[in-house]
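The figures here come from the full heavy-atom set of this structure, side chains too, leaving out hydrogens, waters and symmetry mates. Per chain, numbering begins at 1; letters A, B, ... match sequence-line order. Only a predicted model underlies this, so the values are computations on that prediction, with no experimental measurement involved.
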Number of protein chains: 2
Amino acid sequence: MLGGMPTTTELEQMLRDADLRVTRPRLAVLSAVHRHPHADTDSLIRAVRAQLGDVSHQAVYDVLRALTAVGLVRRIQPAESVARYESRVGDNHHHAVCRSCGAIADVDCAVHAVPCLTPSDDHGFVLDEAEVIYWGLCPECQPAQRMEMDRRV
Amino acid sequence: MLGGMPTTTELEQMLRDADLRVTRPRLAVLSAVHRHPHADTDSLIRAVRAQLGDVSHQAVYDVLRALTAVGLVRRIQPAESVARYESRVGDNHHHAVCRSCGAIADVDCAVHAVPCLTPSDDHGFVLDEAEVIYWGLCPECQPAQRMEMDRRV
DNA sequence: CGGGCACTCTTGACTCGTTCCAGAGAACCG
DNA sequence: CGGTTCTCTGGAACGAGTCAAGAGTGCCCG
């Protein structure tokens, strides 16, 4: 990220720089992704509608795909989860995901630059990215989980 | 893994050891997962039906969930993919996934033992697993991709 | 500044992996 | 071998995401 929330003008410039037409749905979706990190599609649809009124879900799906294709947003999808989107792109960071509530936190790559991209045996694959997901319990869910375990014992 | 394909008797013992009743669908599913590493649910349903005749898809889904719950199989689900299952469990290995055809290969963890489980900042999460997915192109898809790029230029 | 092309949004149906439910059937304890 | 409890069958349902056709609009160019 390069500082605070981008202004509308900055968002507009991002779209133009990516050769995407500037439309109200696109500005709203891009803004929503910046304001709600790791939000799923449904949350983004609701955020966009709160700002613009009626917008078809298809439009939001289309916009998210276009933004992802040009690299303005990044799509993440941990196992068992729906697609989520974030605006922090281009720095190869990773994610910690809560097994209990699904909360996601950003985690900087421990090994800087191209990271774990050197597995012991790549089986002939040409690799371009190593995606790391740390699974565990977020601070909120740790007490709840402990209580649940106590109850079982 | 502990050697070659387990015999039916060994599969039966695995189920009993896990406190699961021994049924024909369970033996067939467990066997199919051993015979078809990284297969999706549909492939497994077809493998099971080839062996037993009619088996409801629901039965296979139930069995896969039960086997996953007790740790006899492991469920993996790279982004944009349906659920897949493997019988290699308990050794914390990772996967290389082909962006083009979805092929999956096992990759031993470069850092042995509990691996990358020490991110720079865990945000208060209590982590228990680091899942690594290496994205790239499998040997089969590399020529195809190169041709596609040539065509574009 | 206005016409026109190509792209984008709306609407609504649809796919497909997966889950839910109720009842029949089977494993296993005693 | 009977009873209990878990498992399987069959069919309906769900939900995230996609497809398709036509109306609408951004933006290039004259």
Side-chain angles (χ1 to χ4, degrees), chain A residues 8-9 11-32 38-49 51-70 72-73 75-85 102, chain B residues 8-9 11-32 38-49 51-70 72-73 75-85 102:
Chain A
T8 303
T9 317
L11 296 173
E12 220 179 294
Q13 196 54 48
M14 290 182 201
L15 291 173
R16 290 191 198 285
D17 290 348
D19 272 315
L20 291 178
R21 290 187 181 172
V22 177
T23 67
R24 282 160 39 83
R26 285 183 174 172
L27 285 171
V29 169
L30 188 50
S31 163
H38 311 134
D40 59 27
T41 310
D42 195 58
S43 309
L44 294 172
I45 289 175
R46 279 186 277 108
V48 167
R49 287 185 176 155
Q51 188 180 335
L52 292 189
D54 277 0
V55 176
S56 68
H57 71 145
Q58 185 60 33
V60 178
Y61 275 101
D62 285 349
V63 170
L64 286 171
R65 182 153 27 162
L67 296 179
T68 304
V70 299
L72 279 179
V73 307
R75 177 185 170 125
I76 54 184
Q77 188 172 16
E80 328 256 343
S81 164
V82 299
R84 292 167 176 275
Y85 295 87
Chain B
T8 303
T9 317
L11 295 173
E12 218 178 297
Q13 196 54 47
M14 290 183 202
L15 290 173
R16 290 192 199 285
D17 290 348
D19 271 317
L20 292 178
R21 290 187 181 172
V22 177
T23 68
R24 282 159 40 83
R26 284 183 175 173
L27 287 172
V29 169
L30 189 49
S31 163
H38 312 133
D40 60 26
T41 311
D42 194 59
S43 309
L44 293 173
I45 289 175
R46 279 185 276 109
V48 167
R49 287 186 176 155
Q51 187 179 336
L52 292 189
D54 276 0
V55 177
S56 68
H57 69 145
Q58 186 58 37
V60 177
Y61 275 101
D62 285 349
V63 170
L64 286 172
R65 181 154 29 161
L67 296 181
T68 304
V70 300
L72 280 180
V73 307
R75 177 186 171 125
I76 54 184
Q77 188 172 17
E80 327 257 345
S81 165
V82 299
R84 292 167 175 275
Y85 295 87

From CD of A:Q77 over to P of C:dG17, roughly how many Å is that when rounded to an integer? 14 Å
To the closest 0.5 Å, what do you measure between CG (B:D42) and CZ (B:R46)? 4.5 Å
Using only side-chain N and O atoms of B:R16, determine if any of them is under 4.0 Å from OP1 or OP2 of C:dC28. yes
Within this structure, what is the CG-to-P distance between B:D40 and C:dG17, rounded to whole angstrom? 8 Å
B:Y61 has its side chain closest, among C:dT19, D:dC8, D:dT18, to C:dT19
What nucleotide, of C:dC9, D:dC27, D:dT18, holds the atom closest to the side chain of A:V22? D:dC27
Would you mind reading off the distance between A:L52 atom CG and C:dT8 atom P, rounded to a whole angstrom? 17 Å
Is B:D42 touching bases, backbone alone, or none of the nucleic acid, heavy atoms closer than 4.0 Å? nothing
For the pair A:S81 (side chain) and A:Q77 (backbone), establish whether a donor and an acceptor sit closer than 3.5 Å, ignoring hydrogens and angles. no
If you pin A:V63 and B:V82 to their nearest nucleotides in DNA chain C, which one's is more 5'? A:V63
Could you tell me how far apart A:I45 (CD1) and C:dT11 (P) are, to the nearest whole angstrom? 14 Å
Reported OG-to-CE distance for the pair B:S31 and B:M14, which is rounded to 0.5 angstrom: 10.0 Å
Looking only at C:dT10, C:dT8, C:dC20, the nucleotide nearest the A:R26 side chain is C:dT8
Output the rounded distance in Å from CG (A:L20) to C1' (D:dC28). 16 Å
Whole angstrom is fine here: how far is it from CD in A:Q58 over to P in C:dG12? 13 Å
Which distance, rounded to the nearest 0.5 Å, do you find between the CD of B:E12 and the CG of B:L30? 11.0 Å
Could you grab the distance from atom CG of A:L44 to atom CZ of A:R49, nearest 0.5 Å is fine? 12.0 Å
Is it the case that the base of D:dC27 and the side chain of A:R21 share a donor-acceptor contact (distance under 3.5 Å, atom types as modelled)? no
For A:A66, answer base if it contacts any base atom (sugar-phosphate contacts may also be present), sugar-phosphate if it contacts only those atoms, and nothing otherwise; contact means non-hydrogen atoms under 4.0 Å. nothing
What is the distance, to the nearest angstrom, from the CG atom on B:L64 to the P atom on C:dG17? 14 Å
If you check every side-chain atom of A:A59, which of D:dT18, D:dT7, C:dT10 has the closest atom? C:dT10
Between A:T23 and B:D62, which residue's closest nucleotide on DNA chain C lies nearer the 5′ terminus? A:T23
Rounded to whole Å, how long is the line connecting atom CG of A:D19 with atom P of C:dA6? 16 Å
On the nucleotide D:dG17, are OP1 or OP2 found under 4.0 Å from the side-chain N or O atoms that A:T41 carries? yes
